[in-house]
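What you see below is based on every heavy atom in this structure, not just the backbone, and it leaves out hydrogens, waters and symmetry mates.
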Amino acid sequence: MPKRFIVCLMATMGVLTLSAQSSNEIVAEGEVPVRVADSYSFTEGPAVDARGDVFFTDQPNNRIYRWDCESGEISLFTDQSGRSNGMYFDAQGHLIACADMDNQLWSFDMKGHSEILVTDYRGKMLNGPNDVWISKDGGYYLTDPYFKRDYWTRNPERQQPVEGLYYLTPGGKQLVMLDSTLNQPNGLVGTPDGKHLYVAEAKADRILRYDILPDGSLANRQVFADMGSDGMTTDDRGNIYLTGDGVTIFDKDGHKIAHFSIPEDWTANVCFGGKERNILFITASKSVYTLKMLVHGESVLCND
């Protein structure tokens, strides 16, 4: 029989409710999301490094922060983030960021120094790179929706005729359009085995799944879930974590198995942090939260 548990936490912030129904529990009984900081304007882009620390952005304030998985302390990583949004670590330990200020893709070393990886597609500025996922072979998958920003000064504001899904080949040699028919693509994540890519369409309010082919191209596009998402992540059981109204979890077959609320206007993104990758790190509006899980995220293995 499926197990059901409901946990409520009464605090000064209000009532925080966690509910789930699944034959395999994913959150230990008694665990609830814990707000660890609330001093930001809008948090986004959590990415875990090889140690288990999580880096996240405060996009309106042009900053990236680092959460130490051992001490729980949060420190400023850089105040020159390029208005970074989605982020991901590569195998060399560089933090790859969707730098929305000038619609580029950046790479940060661990001293906070940045390098520009992508500036345009076929000579025209991108709409605004939103999220990035890196496969084991070093290929970058990148969404490029058009969300108008009040800090843009470019003319014309929009130069790409479509809102595309791109692939940056290993070594950053070539930016390739994979799908030009998407309706405001947003969050994306690949499976740890590298076989599938999930992409959220903001305006279409759905999640698409593609097969990833050996050369990095995509095939067999299909609708995975009739629900949209901002950022996304996966766990070691193949479950998919969607964001927006709290966090909603689907199993690998597309069945909704869990949902928990976060007392914020918007839940933007999630990733697994901690030394054992069993801490769900949640960026939600002005705050960030952690939740101890029974499942685990993907480890980041760095090449020396």
Between Y198 and the options T233, T191, L242, the side-chain contact (heavy atoms from CB on, under 4.5 Å) test singles out T191
With a 4.5 Å cut-off on side-chain heavy atoms, are Y151 and N62 touching?
no
Is W106 reachable from M110 through a run of I, L, V, M, F, W or Y residues, each pair having side-chain heavy atoms under 4.5 Å apart?
yes
Output, in order, the C-alpha distance, side-chain angles, deciding distance and verdict of side chain to side chain contact (heavy atoms under 4.5 Å, CB included) for L291 and I279.
CA-CA 6 Å; L291 174 62; I279 303 298; over 6 Å; no
Could you state whether M177 and M125 fall into the same hydrophobic cluster, counting links through intermediate Ile, Leu, Val, Met, Phe, Trp or Tyr residues with side-chain heavy atoms under 4.5 angstrom apart?
no
Please examine the side chains of I207 and F250, heavy atoms only from C-beta on, and report whether any two atoms are closer than 4.5 Å.
no
Group every Ile, Leu, Val, Met, Phe, Trp and Tyr by side-chain heavy-atom contacts under 4.5 Å, then state whether L178 and Y166 land in the same group.
yes
Please walk me through it: do D68 and R51 pass salt bridge (charged side-chain N to carboxylate O under 4.0 Å, His left out)?
CA-CA 9 Å; D68 187 295; R51 182 176 180 268; 3.5 Å; yes
Locate the shortest heavy-atom distance separating N127 from D144; write the atom from each residue and the value.
N-OD2, 3.0 Å
Is the centre of the Y167 ring less than 6.0 Å from the centre of the Y141 ring?
yes
Sub-4.5 Å side-chain heavy-atom contact between M293 and D235:
no
Donor-acceptor pair, side chain of E163 and main chain of Y146, under 3.5 angstrom
yes
What are the two closest heavy atoms between D90 and H94, and how far apart are they?
OD1-N, 2.8 Å
Looking at F42, F77, F281, Y289, which one forms a ring pair (Phe, Tyr, Trp, His ring centres under 6.0 Å) with F56?
F281
Is it the case that one hydrophobic cluster holds both I282 and L294, taking links as side-chain heavy atoms less than 4.5 Å apart, direct or via other members?
no
Ring centres of F55 and F89 under 6.0 Å apart?
yes
Determine the minimum heavy-atom distance between G228 and D205, stating which atoms define it.
N-OD1, 3.0 Å
Taking NZ, NE, NH1 and NH2 as the nitrogens, is one of them in D58 or R63 under 4.0 Å from a carboxylate oxygen of the other?
no
Can you tell me how far the CG atom of D49 sits from the SG atom of C69, to the nearest 0.5 Å?
7.5 Å
Matching residue for E44 among T283, N269, T57 - test: side chain to side chain donor-acceptor pair (under 3.5 Å):
N269
Can you find a pair of side-chain heavy atoms, one from D100 and one from W152, that are under 4.5 Å apart?
yes
Can you find a pair of side-chain heavy atoms, one from D245 and one from H259, that are under 4.5 Å apart?
yes
Close side-chain approach of N220 and R209, heavy atoms under 4.5 Å
no
Partners meeting salt bridge (Lys or Arg N to Asp or Glu O under 4.0 Å) with R221 (sequence neighbours left out)
D179
Working for side chain to side chain contact (heavy atoms under 4.5 Å, CB included), residues F108 and I64:
CA-CA 11 Å; F108 289 92; I64 297 175; 3.9 Å; yes
Just how far is it from atom OG1 of T78 to atom NZ of K111, taken to the nearest 0.5 Å?
14.5 Å
Contact summary for R158 and Q160, nearest pair of heavy atoms:
NE-O, 3.0 Å
D236 side chain vs H296 backbone, donor-acceptor pair below 3.5 Å
yes
Would you compute the distance between atom NZ of K252 and atom CD1 of I240 and round it to the nearest 0.5 angstrom?
10.5 Å
I'd like to know if K275 and E70 make a salt bridge, using a cut-off of under 4.0 Å between side-chain N and carboxylate O.
yes
Least distance between heavy atoms, V199 atom then P185 atom:
CG1-CB, 4.2 Å
Identify whether M101 and L105 are in the same connected component of the hydrophobic contact network (ILVMFWY, side-chain heavy atoms under 4.5 Å).
no
Donor-acceptor contact present, side-chain S229 to main-chain T243, <3.5 Å:
yes
Can you tell me if CD on E157 sees more than 12 non-hydrogen neighbours from other groups inside 6.0 Å?
yes
Do D265 and S285 meet the criterion of a side-chain donor-acceptor pair at a distance under 3.5 Å?
no
Using the rule given for side chain to side chain contact (heavy atoms under 4.5 Å, CB included), can you reason through V288 versus I74, listing the C-alpha separation, both sets of side-chain angles and the distance that settles it, and then say yes or no?
CA-CA 10 Å; V288 291; I74 294 176; 4.0 Å; yes
Can you find a pair of side-chain heavy atoms, one from P192 and one from T234, that are under 4.5 Å apart?
yes
For residues Y241 and F272, determine if any side-chain heavy atom of one lies less than 4.5 Å from a side-chain heavy atom of the other.
yes
Non-hydrogen atoms of R83 and N61 that approach each other most closely
NH1-N, 4.4 Å
If you round to the nearest 0.5 Å, how far is CG of D53 from CZ of R66?
4.5 Å
Between T43 and A284 (side chain of the first, backbone of the second, donor and acceptor by atom type, cut-off under 3.5 Å), is there such a pair?
yes
Could you check whether H196 and D211, counting side-chain N and O atoms only, form a donor-acceptor pair closer than 3.5 Å?
yes
To the nearest 0.5 angstrom, please state how far the CD1 atom of I212 sits from the OG atom of S217.
9.5 Å
One should read off an interatomic distance between N278 CG and I26 CD1, to the nearest 0.5 angstrom, of 13.5 Å
L197 and L165: CA distance, side-chain angles, deciding distance, side chain to side chain contact (heavy atoms under 4.5 Å, CB included) verdict:
CA-CA 11 Å; L197 183 73; L165 170 63; 4.2 Å; yes
